[in-house]
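Before any comments, here is the structure.
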Protein chains: 2
Amino acid sequence: MDSVTPASRPVSGDSSITRVLGVLDLFTPETPVWTVDMLVVRLGVGRATVYRYVRALCDAGFLVPVAGAGYVLGPRFIEFDRSIRLADPLLHIVPPVMAELRDVVNGGQLLCAFYGLRVLTVLQDKTDPNITMSMERGRPFPLFQGSPSRVILAHLPTYQLRNLALNQQAEIAAAGLGENWADFRDGLRAIRRAGYLAASDIDKALVGISAPIFHAPGAVAASLCLVRTREGLTAADEAFLGGVAVEACKRISAELQAFRPGEGAAFPISRVR
Amino acid sequence: MDSVTPASRPVSGDSSITRVLGVLDLFTPETPVWTVDMLVVRLGVGRATVYRYVRALCDAGFLVPVAGAGYVLGPRFIEFDRSIRLADPLLHIVPPVMAELRDVVNGGQLLCAFYGLRVLTVLQDKTDPNITMSMERGRPFPLFQGSPSRVILAHLPTYQLRNLALNQQAEIAAAGLGENWADFRDGLRAIRRAGYLAASDIDKALVGISAPIFHAPGAVAASLCLVRTREGLTAADEAFLGGVAVEACKRISAELQAFRPGEGAAFPISRVR
DNA sequence: TTTAATTTTCTCATAATGCGGGAATGATTT
DNA sequence: AAATCATTCCCGCATTATGAGAAAATTAAA
């Protein structure tokens, strides 16, 4: 006991790369600035190690030092988001469609993209000029909640649904999508038959009416969600907007599939681990 | 020679973390899809290693598998960009100012933020409705070219400028900002005295008139750039727009400094290596 | 400009973890 | 349902990440 054990690491199961990338998750809108000392405490590693992590992330542009001390998220995220936007055919095709629909919808419109196990807003069309629409891109949706997610879910290939049912059955049950594979599958088939899904499960004051967008026959890429306030919305209104959404998505899908051969656009798939 | 040497790595000087993060740089708008085999060739490492890299990046959401084979940039970049937008006080303050200026400028407006050694467009106000403004956020500017960059440069602290002059003298000379420290410093002082900078060095058909925005007295955070077509722009017009930019930036800076105490907003500094 | 308080990098021995090659598993299309 | 992929797992070896403290550089003040 006369000598301290040197160079013992915090024996975590994940790799060094995972630990470094995990640092970025700490930088949230609530806690946008982290100092080295804060990271030493939070990560439970030595100061030199934190400096190594931070330096690697700074060199890559994922962090930037701020005046005094501390770091914030860096410019590479902004650049990469632009890179994604430039390569995304949906962002070329959908805006004019949203502009056409604006008056008939008279509410809001969301384009939600499918990213493997995640669905997120990629584009929003404002009706209310007070709302800063640019803040919505990047808002995540739970996979099993909200009409945008669930209408995408409903059109996934069967074997992907089987995997989901096996690996995420707790979440599926919690979202009320069925206690077993048969319930889950049948519920989704009903959505598929209807062609669209109206739901009010995220914001109770709003109703979202979503239809799927396909990048190839039978392959969902995204969903268009028409948003209306719940009060005063009749069943007839809902059906009407459903038809509007389905028709718009049909056009978008057609353009998307015509667009694709020209460019190497590719769309994410779900891979359950 | 009867046995191959096992487990020899591509003896590169940089760490594993740097190599993994470097993978992301390959995903550009020109080459948005990379397969594992392409990466094996490009990186010169084993297939198992590439799979390890790709898996770590997928787990972090920086890559997503696409149908068939291959990977594209993942949703985390979109989410992080949103996180940055939500934490950025400039994006709350500047849009209404840009709206006010729209008619008097009658051209374009750029808000360019300073990110250490990088300047990039963070917000754009359109005049021409044909231009998709959302694609401009994330466009990088060379540090020593363009009025947005150079007007920021002109207001950096002296010691930061000394560092730049020492470490980047080739780039500085190439941009015509002076062959030595004295020339460089005097040129920037002239910009500082004028209060704004008009230049036409990036797009020869356009003139950019930029003024600095401060997050604290003497601490530049960004610049506002008013853009006009060069033809038919008189010296008087230029001076007028310069005054408009300076006045607008003064207001923005005041709001920014009033805003700051309430929230933990922090602004990047330049750190030359 | 010079000085003093920081923050950041460097040095080093140690052992933990990433590395390649090949087999086993898993997923997806016909 | 079977065949063809893409992906993960296994394992010995050595490269390379690690913590503590010293040295250097950076920033803010005088």
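Residue numbering restarts at 1 for every chain, and letters A, B, ... go by the order of the sequence lines.
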Given [options], which nucleotide is nearest the side-chain atoms of [X]?
X: Ser15(A); options: dG22(C), dG18(C), dA20(D); result: dG18(C)
X: Ile269(A); options: dT28(C), dT8(C), dG21(C); result: dT28(C)
X: Gln160(A); options: dT7(D), dC19(C), dT28(C); result: dT28(C)

Presence of Arg162(A) side-chain N/O under 4.0 Å of dA27(C) phosphate oxygens OP1/OP2: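 For dA27(C), neither OP1 nor OP2 has a side-chain N or O of Arg162(A) closer than 4.0 Å.
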To the nearest Å, give me how far apart [atom1] ([X]) and [atom2] ([N]) are.
X: Leu161(B); N: dT1(C); atom1: CG; atom2: P; answer: 13 Å
X: Arg271(A); N: dT25(C); atom1: CZ; atom2: C1'; answer: 14 Å
X: Leu21(B); N: dA17(D); atom1: CG; atom2: C1'; answer: 15 Å
X: Tyr159(A); N: dA6(D); atom1: OH; atom2: P; answer: 15 Å
X: Arg52(B); N: dT7(D); atom1: CZ; atom2: P; answer: 15 Å
X: Leu57(A); N: dA17(D); atom1: CG; atom2: P; answer: 14 Å
X: Tyr53(A); N: dT8(C); atom1: OH; atom2: P; answer: 17 Å
X: Tyr51(A); N: dT18(D); atom1: OH; atom2: P; answer: 16 Å

If you measure from CD1 on Ile213(B) to CG on Leu111(B), what distance do you get to the nearest 0.5 Å?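 Ile213(B) atom CD1 to Leu111(B) atom CG measures 5.0 Å (nearest 0.5 Å).
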How long is the gap from CG on Leu73(A) to CG on Leu63(A), to the nearest 0.5 Å?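 Result: 6.5 Å between the selected atoms.
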Pick the closest DNA chain D nucleotide for Ala67(A) and for Arg47(A) by heavy atoms, then say which residue is nearer the 5' end.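 Comparing both residues, the 5'-ward one is Arg47(A).
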Select from Val50(A) and Tyr71(B) the residue whose nearest nucleotide in DNA chain D is closer to the 5' end of that strand.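 So the residue in question is Tyr71(B).
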What is the nucleic acid contact for Val36(A), judged by heavy atoms within less than 4.0 Å: base, sugar-phosphate only, or nothing?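 Answer is sugar-phosphate: Val36(A) comes under 4.0 Å of backbone atoms only.
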Both Asp37(A) and Ile17(A) contact DNA chain C. Taking the nearest nucleotide for each, which residue is further toward the 5' end?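 Checking each residue's closest nucleotide, the 5'-ward one belongs to Asp37(A).
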Return whichever of Ala48(A) or Asn163(A) has its heavy-atom-nearest nucleotide of DNA chain C closer to the 5' end.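 It is Ala48(A) whose nearest nucleotide is closer to the 5' end.
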Any Lys/Arg nitrogen of Arg76(B) or Asp25(A) sitting under 4.0 Å from an Asp/Glu carboxylate oxygen of the other?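 Judged by the 4.0 Å cut-off on N to carboxylate O distance, Arg76(B) and Asp25(A) do form a salt bridge.
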May I ask you to establish whether Arg42(A) and Trp34(A) are in a cation-pi arrangement, using a distance under 6.0 Å from NZ or CZ to the six-membered ring centre and at most 45° from the ring axis?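 Here Arg42(A) fails the 6.0 Å and 45° test against Trp34(A).
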Quick check: do Pro89(B) and Leu256(B) have side-chain heavy atoms less than 4.5 Å from each other?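 In contact.
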